[in-house]
Peer 1: 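Structure in structure tokens, see below.
Index from 1, following the sequence. Quick note: numbers below take in every heavy atom, side chains included, and nothing from hydrogens, waters or symmetry partners.
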Amino acid sequence: NLSTRPVLLITQIAPSGVEGGSSLGTLIFNALNAAGEAVSGATVHVTNSDVSPAVDITTTTNNQGMITIPGLLASVGTYKISVSKTGYTSEQTYDQTASFIPNVDHSHLSAENANTTTKTFYIDTVSSLTIKTEDDSGDELGNIAYRITGTKKTGVDGSGSAVYVLNDAATTDGFGISTYNDMTWDSYAFSIDGAATGHDIKETSAVLPLTIDPGTDTTLTVTLVPHADNTLHVTILDSGGAFVPNASVQLTRPGYDQTQLSSVNGQVFFTPIEDVAEYTITVTAAGFVQAVQLVTVDSGVRLQVNLTGV
């Protein structure tokens, strides 16, 4: 007997490789920002000249910040990938050479038969940084050598030392200015070699290490004074990481007793200090619990004191 009931047929269709073919692999790539949110419209470039036919694919991420590339020939560590977007930082994998070994995050990818390779890169809007060096009177102080180093790494060099996204030894111009554009968000160490330049850092307009957030324009003003062999720089912060101005900072040991008030940037600088020795530092500020600790003073010591509210 023939039935008149309807019949629903469902077919699942997947590209070759995604469904688990025996000779092809699949790449699933995600572009996320610093907050872990999807970055749509990012350009992704995938190449591999070690397979035949060679692979050279350029595509863009969807609204979920993702792309799927099926049908990749099996190959170990030969798929190169980069991601970029106008106004954003960029990321990529790197070749290994005698002088550079990329870390896991920046090594070329593999495609495996009947398997899926997943890769995520983080990109976000670029930032800028302007460094200004000035003397204690606020006048420009040019041609000052410095070093700025982030924490993000791409690998190691031939001697095993870390290779950073930014590790720059540079000099401010004749007007005491140095500018960086297209910076990635990170925490940056900043230093000046007092013995080499003849200048010590008395104060900075931001807490060091310097935090650069995505899509920000930051100016770091660095106030310099003549170099001394033994110094102590102290930064006073509250529990939220904000500067504490007008804090009394007392540095003592037998035969030595000096007190300074922290600046608007929550800093004091004791210079010169004759004796290399252990000192007691006492920090007192209205609305905060007094902080007392020991510190050994020698060449260019920097100390951060975090106060707790009463």
Side-chain angles (χ1 to χ4, degrees), residues 127 129-134 136 144 146-152 162 164 166-168 183 185-195 197 199-213 216 218-253 256-273 275-310:
S127 300
L129 170 65
T130 299
I131 297 169
K132 294 182 177 181
T133 49
E134 62 182 30
D136 202 19
I144 301 297
Y146 66 87
R147 179 175 290 277
I148 182 168
T149 307
T151 64
K152 295 183 178 181
Y164 295 90
L166 179 63
N167 182 21
D168 190 29
M183 289 188 73
W185 76 99
D186 201 354
S187 176
Y188 293 91
F190 178 88
S191 62
I192 289 175
D193 186 333
T197 64
H199 300 281
D200 290 330
I201 298 175
K202 177 185 179 183
E203 184 169 300
T204 57
S205 60
V207 178
L208 297 181
L210 178 66
T211 298
I212 300 292
D213 292 321
T216 57
T218 301
T219 297
L220 177 67
T221 301
V222 184
T223 302
L224 302 175
V225 293
H227 171 65
D229 288 337
N230 304 318
T231 62
L232 174 63
H233 181 281
V234 185
T235 301
I236 315 300
L237 304 176
D238 64 19
S239 58
F243 289 130
V244 177
N246 298 315
S248 172
V249 184
Q250 183 183 24
L251 187 66
T252 60
R253 69 178 298 271
Y256 185 94
D257 189 339
Q258 294 290 328
T259 300
Q260 296 185 29
L261 290 178
S262 61
S263 67
V264 66
N265 291 323
Q267 297 163 59
V268 298
F269 188 56
F270 294 94
T271 182
I273 300 175
D275 296 327
V276 175
E278 187 175 70
Y279 292 75
T280 298
I281 185 168
T282 303
V283 180
T284 306
F288 295 93
V289 177
Q290 186 182 71
V292 181
Q293 66 183 87
L294 297 176
V295 58
T296 298
V297 174
D298 52 23
S299 177
V301 175
R302 298 182 65 87
L303 178 67
Q304 181 175 297
V305 178
N306 295 87
L307 298 181
T308 302
V310 296

Peer 1: For Asn167, is there any backbone N or O sitting under 3.5 Å from a side-chain donor or acceptor partner on Thr149?
Peer 2: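 Not a single qualifying donor-acceptor pair exists.
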
Peer 1: Using the rule given for side-chain contact (heavy atoms from CB on, under 4.5 Å), can you reason through Leu307 versus Asp238, listing the C-alpha separation, both sets of side-chain angles and the distance that settles it, and then say yes or no?
Peer 2: CA-CA 5 Å; Leu307 298 181; Asp238 64 19; 5.6 Å; no

Peer 1: Passes side-chain contact (heavy atoms from CB on, under 4.5 Å), His199 versus Ile144? Steps please.
Peer 2: CA-CA 8 Å; His199 300 281; Ile144 301 297; 3.5 Å; yes

Peer 1: Output, in order, the C-alpha distance, side-chain angles, deciding distance and verdict of side-chain contact (heavy atoms from CB on, under 4.5 Å) for Tyr188 and Leu208.
Peer 2: CA-CA 8 Å; Tyr188 293 91; Leu208 297 181; over 6 Å; no

Peer 1: Just wondering, do Leu129 and Leu210 contact through their side chains at under 4.5 Å, heavy atoms?
Peer 2: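 Touching, per the 4.5 Å side-chain cut-off.
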
Peer 1: Given side chains that start at C-beta, do those of Lys132 and Leu220 come closer than 4.5 Å, heavy atoms only?
Peer 2: no

Peer 1: Mind checking whether Leu251 and Tyr256 have side chains closer than 4.5 Å, heavy atoms only?
Peer 2: yes

Peer 1: Taking Asp193 for the side chain and Ala195 for the main chain, is one N or O donor matched with an acceptor at less than 3.5 Å?
Peer 2: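 Looks like yes, one N/O pair under 3.5 Å.
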
Peer 1: With Ser248 as reference, evaluate Thr282, Val283, Thr259 under the side-chain contact (heavy atoms from CB on, under 4.5 Å) test and give the passing residue.
Peer 2: Thr259

Peer 1: Less than 3.5 Å apart, which donor and acceptor atoms pair up between the side chains of residues 222-231 and the rest of the protein, not counting sequence neighbours?
Peer 2:
{"from": "Thr223", "atom 1": "OG1", "to": "Glu134", "atom 2": "OE2", "distance (Å)": "3.4"}
{"from": "His227", "atom 1": "ND1", "to": "Asp200", "atom 2": "OD1", "distance (Å)": "2.8"}
{"from": "His227", "atom 1": "ND1", "to": "Asp200", "atom 2": "OD2", "distance (Å)": "3.3"}
{"from": "Asn230", "atom 1": "ND2", "to": "Ile273", "atom 2": "O", "distance (Å)": "3.3"}
{"from": "Asn230", "atom 1": "ND2", "to": "Glu274", "atom 2": "O", "distance (Å)": "3.3"}

Peer 1: Would you say the side chain of Thr280 lies within less than 4.5 Å of the side chain of Val292, judging by non-hydrogen atoms?
Peer 2: yes

Peer 1: Taking all heavy atoms of Ala247 and all of Ile236, pick out the closest pair and write down the distance.
Peer 2: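 What the structure gives for the nearest pair is CB-CG2, 4.3 Å.
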
Peer 1: Locate the shortest heavy-atom distance separating Val297 from Val301; write the atom from each residue and the value.
Peer 2: CA-CG2, 4.1 Å

Peer 1: I need the Phe288 CZ to Asn306 CG distance, nearest 0.5 Å.
Peer 2: 10.5 Å

Peer 1: Pick from Glu203, Gln304, His233: which one makes a side-chain hydrogen bond (donor to acceptor under 3.5 Å, both in side chains) with Gln267?
Peer 2: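 It is His233, the one option of Glu203, Gln304, His233 that forms the side-chain hydrogen bond (donor to acceptor under 3.5 Å, both in side chains) with Gln267.
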
Peer 1: To the nearest 0.5 Å, how far apart are OH in Tyr146 and CG in Asp168?
Peer 2: 5.5 Å

Peer 1: Tell me, do Trp185 and Lys152 make a side-chain contact under 4.5 Å, heavy atoms counted?
Peer 2: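 Side chain of Trp185 against side chain of Lys152, heavy atoms only: contact under 4.5 Å found.
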
Peer 1: At their closest point, which heavy atom of Ser187 faces which heavy atom of Pro209, and how far apart are they?
Peer 2: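 That closest heavy-atom pairing would be OG-CB, 3.5 Å.
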
Peer 1: How many angstroms lie between atom CD1 of Ile201 and atom CD1 of Ile192, to the nearest 0.5 angstrom?
Peer 2: 4.5 Å

Peer 1: First locate atom OG of Ser205, then atom CD1 of Ile131, and finally report the distance between them rounded to the nearest 0.5 Å.
Peer 2: 10.0 Å

Peer 1: Do the side chains of Asn265 and Phe243 get nearer than 4.5 Å, heavy atoms only?
Peer 2: yes

Peer 1: Rounded at 0.5 Å granularity, tell me how far CZ in Arg253 sits from CD in Glu278.
Peer 2: 9.5 Å

Peer 1: Please examine the side chains of Arg147 and Phe190, heavy atoms only from C-beta on, and report whether any two atoms are closer than 4.5 Å.
Peer 2: no

Peer 1: Using side-chain hydrogen bond (donor to acceptor under 3.5 Å, both in side chains) as the criterion, list what pairs up with Thr204, not counting sequence neighbours.
Peer 2: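 So Thr204 forms no side-chain hydrogen bond (donor to acceptor under 3.5 Å, both in side chains) with any residue.
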
Peer 1: Answer whether the closest heavy-atom distance between the side chains of Tyr279 and Thr252 falls below 4.5 Å.
Peer 2: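 Side-chain contact under 4.5 Å: no.
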
Peer 1: What distance do Thr296 atom OG1 and Leu303 atom CG have between them, rounded to the nearest 0.5 Å?
Peer 2: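 Spacing of OG1 (Thr296) from CG (Leu303) equals 11.0 Å.
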
